[in-house]
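Down below is the structure, laid out as structure tokens.
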Amino acid sequence: MAGVGFKMDAAALNKKRSSLEGKGKVGENGKMAGDNAVQGEVFTKWVNMKLKEGNPKAQEIEPSQLGEAFRSGVLLTDLLQVVCEKKPGKIKREVRGKIQEIGNLNVVFTALQKEGVKLVNIGPEDIWDGNQNLILGFLWTLIYYFQVLKGANFGQFDAKALGAKVALLKWIQSKIPEMMVTNLDSDWQDGRALSALVNAISNDFKLGTPIDDPAGLSPDNAVTNLDKAMAVADDTLGIGRLVTPEQVAEAPNEKSMITYLSLYAAAKKPEKKKPKKKEPQPAAPPVVFFEAPTDPELLRKINALFDAMDVDGDNSLTKFELLEFLRECKPRDMSVSKVQGILGLDKLHEIDRKSFTAPFVDGKLDVDAFDISALSRARASKKAEEEAAAAAAAAEAEAKANPYGDALPPPHERAPDWRVYEGINLGGRCKIKIYFSTTTSSQKIRTDTQNMKSLMERHNYHLRPDFEHFTPVDIDMEKEHRDKIFKKAGTRVTPMLFVDDEFVGGYDQVAELDECGELDKIMQY
């Protein structure tokens, strides 16, 4: 088979298909069935999600189109560019025939091989043939490697050491210990664990706990519980619905759940929407929605309060905008939940300005109980703290990127091209190397070798990270390399000291340099 990877032969593939028929894995003509149908839907949503990260205008594909969509290798290249965060290689976007399509797929498989991704029993021609089940296995490998292993943050739990499944489960258990989750399938069916996880991640991002009492939710309302949790996760955390409430409630598929739940470990704090810039306009009279006479000053205060809460300036107030405001500016003598209930945002997702104004006009809420000036001070203080934290983080990043300032780093931390080198490259850049002979009959050479070793140990040069053990020039060394050493040194007499790939001298010269204090300067190159 051309390309990278190992292709299962036809007999083995037919045997594998036969063994899986009846188990809901493979149906006639290689079409997906059973668990594979669920995985096909979930994995396809993951592909669409990633493609839109690279190109928001990318056209979505259906599970039944996977084989045809991937055949040319163009779509797979786009997908790989997103997950690898770099171009896999040069391909032909306008393909003509199988040869060019296989060529594109070879680029994909070669790029994956360079990334360290191990692909078993699949190669470019399997993708080109459109084998749905092998393609699902291929996509699972991409998800496991790029999203679960590399993309998710499991904190103290090392996915490479524990395995992604175990690390994900332990991470979830650390986030919601009260739910006593023991697996990645059946424990999620009633929606309570997912609701608790949404709250935990939201709380990590200081967004509060948007779902009330997850543990108290009724298991009989599984689909409703799951739908609400997924909606909140999508709306506030940017975690897309890769699975449906019905799929999870009825028979959750483990790989599909790992794909979805790992998004929570990869979630990042959503950026606050910037308020729309409003053109300065002449002062307008307060918005009046009521026929009964209303105090214009009261309406002005109500409108000012609404504008302070309406962060994105779209003239509507969402539940999360209200909670964010109340977190910074709590009303006097009234709980947050009561305010939420009076405004109707305990049941509704958002309300307009008229619905917001009514409870204040009716006397159910007191506009003066909300101190907008305190909010302004709190936001200014928070902004100052964020700017200070950002400056500190930038300084820390700069210190990590350049810990030595204008000074050179230690030799063993330098790049091999840290200076301009001339002459033969012996592979000893940023290293201290000593070459010696093990077969010499000369007593002086043997004595000099031992004395060179003692000198290195006396100054503790042998303990430095850039010091390499004595290298014999007459055992397991290619003649060509040995001749290069002798040519660069200008002598065949050992031992020879090289520092940063430059010849310093034999033992006699090194001893003289040591006596006059010059050796240490050379060693601090």
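Count residues from 1 along the sequence.
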Using the ring pair (Phe, Tyr, Trp, His ring centres under 6.0 Å) criterion, which residues pair with Tyr145? Sequence neighbours excluded. none
Atom pair CD (Glu53) and CD (Glu85), whose distance is rounded to the nearest 0.5 Å: 9.5 Å
Does any part of the side chain of Leu168, heavy atoms only, come nearer than 4.5 Å to the side chain of Tyr264, both counted from C-beta? no
To the nearest 0.5 angstrom, please state how far the CG atom of Leu226 sits from the OG1 atom of Thr244. 9.0 Å
Ser316 and Asp312: which non-hydrogen atoms are nearest, and at how many Å? O-OD1, 4.5 Å
Between Arg353 and the options Asp310, Asp307, Asp314, the salt bridge (Lys or Arg N to Asp or Glu O under 4.0 Å) test singles out Asp307
Would you check if the side chain of Asp126 reaches a backbone N or O of Gly123 as a donor-acceptor pair within less than 3.5 Å? yes
Does Lys165, at its NZ atom, have more than 12 non-hydrogen atoms belonging to other residues, nucleotides or ligands within less than 6.0 Å? no
Check the orientation of Phe370 and Phe325. Use parallel for under 30°, tilted for 30 to 60°, and perpendicular for over 60°. tilted
Over all heavy atoms of both residues, which pair between Gly40 and Leu136 is shortest? Give the atoms and the distance, please. CA-CD2, 3.6 Å
With distance as the sole test, does Gln173 use its side chain to make a donor-acceptor pair with the main-chain N or O of Val181 at under 3.5 Å? yes
Separation between OG of Ser262 and CG of Asn153, rounded to the nearest 0.5 Å: 12.5 Å
So Ile351 and Leu322, do their side chains get closer than 4.5 Å, heavy atoms only? no
Does a side-chain heavy-atom distance below 4.5 Å link Glu254 with Met257? no
Where Pro124 and Asn106 come nearest, the two heavy atoms and their spacing: CG-OD1, 3.2 Å
Any idea which heavy atoms bring Met230 and Tyr260 closest together, and the distance? CG-OH, 3.5 Å
How far apart are the C-alpha atoms of Phe70 and Val47, what are their side-chain angles, what is the distance that settles it, and do they pass the side-chain contact (heavy atoms from CB on, under 4.5 Å) test? CA-CA 11 Å; Phe70 287 165; Val47 169; 4.3 Å; yes
NZ on Lys98 to CZ on Arg71, rounded to 0.5 Å: 9.5 Å
Contacts of type side chain to side chain donor-acceptor pair (under 3.5 Å), residue Lys175, not counting sequence neighbours: Asp204
Could you check whether Phe109 and Phe138 have their ring centres less than 6.0 Å apart? yes
Leu79, Val74, Asp78, Leu80 screened by side chain to side chain contact (heavy atoms under 4.5 Å, CB included) with Leu76, the one that passes: Leu79
Quick one: does any side-chain atom of Glu68 pair with a main-chain N or O of Gln65 as donor and acceptor, under 3.5 Å? no
Enumerate the side-chain hydrogen bond (donor to acceptor under 3.5 Å, both in side chains) contacts for residues 225-242, please, sequence neighbours excluded, ordered by first and then second residue. Asp227-Arg241
Residue pair Asn131 / Asn133, side-chain heavy-atom distance below 4.5 Å: yes
Check whether Gln247 reaches the backbone of Pro252 with its side chain - one donor and one acceptor, N or O, closer than 3.5 Å. no
So do Trp46 and Gln147 actually touch side chain to side chain, heavy atoms under 4.5 Å? yes
Look up atom OG in Ser72 and atom CD1 in Ile127, then write down how far apart they are to the nearest 0.5 Å. 11.5 Å
Less than 4.5 Å apart, any side-chain heavy atom of Ile143 and any of Ile258? no
Please name the pair of heavy atoms, one in Gln132 and one in Ser64, separated by the smallest distance, quoted to 0.1 Å. NE2-O, 3.6 Å
Do side-chain atoms of Lys52 reach the backbone of Ala58 as a donor and acceptor pair under 3.5 angstrom? yes
Report yes or no: does Asn221 contribute a side-chain atom to a donor-acceptor pair with the main-chain N or O of Thr224 at less than 3.5 Å? no
Hey, are Asp352 and Ser355 close enough side-chain-wise for a donor-acceptor pair under 3.5 Å? yes
With a 3.5 Å distance limit and no angle check, can you tell me whether Gln340 reaches the backbone of Leu345 through a side-chain donor-acceptor pair? yes
Stepwise salt bridge (charged side-chain N to carboxylate O under 4.0 Å, His left out) check, Glu115 with Lys150: CA-CA 11 Å; Glu115 288 289 323; Lys150 296 185 69 175; 3.7 Å; yes
Drop me the distance from Leu365's CG to Phe360's CZ, to the nearest 0.5 angstrom. 4.5 Å
Audit row: Asp187, Thr182, side-chain hydrogen bond (donor to acceptor under 3.5 Å, both in side chains) steps and yes/no: CA-CA 7 Å; Asp187 282 351; Thr182 60; 3.0 Å; yes
Under 3.5 Å, is there a donor-acceptor pair between the side chain of Asn203 and the main chain of Thr209? no
Of all heavy-atom pairs between Pro331 and Val339, which one has the smallest distance, and what is that distance? CG-CG2, 3.7 Å
Residue pair Phe154, Asp158: steps toward the side-chain contact (heavy atoms from CB on, under 4.5 Å) verdict: CA-CA 7 Å; Phe154 299 126; Asp158 187 348; over 6 Å; no
Counting C-beta onward and ignoring hydrogens, is there a side-chain heavy-atom pair between Asn253 and Val243 closer than 4.5 Å? no
Evaluate the side-chain contact (heavy atoms from CB on, under 4.5 Å) criterion for residues Leu261 and Trp188: first the C-alpha distance (whole Å), next the side-chain angles of each, then the deciding distance (0.1 Å), finally the verdict. CA-CA 10 Å; Leu261 292 174; Trp188 301 85; 3.7 Å; yes
Are the side chains of Leu217 and Asp213 in contact, using a 4.5 Å heavy-atom criterion? no
Under the criterion side-chain contact (heavy atoms from CB on, under 4.5 Å), I'd like the reasoning laid out for Leu207 against Leu237: C-alpha separation, chi angles, the key distance, then a yes or no. CA-CA 9 Å; Leu207 300 175; Leu237 303 175; 4.1 Å; yes
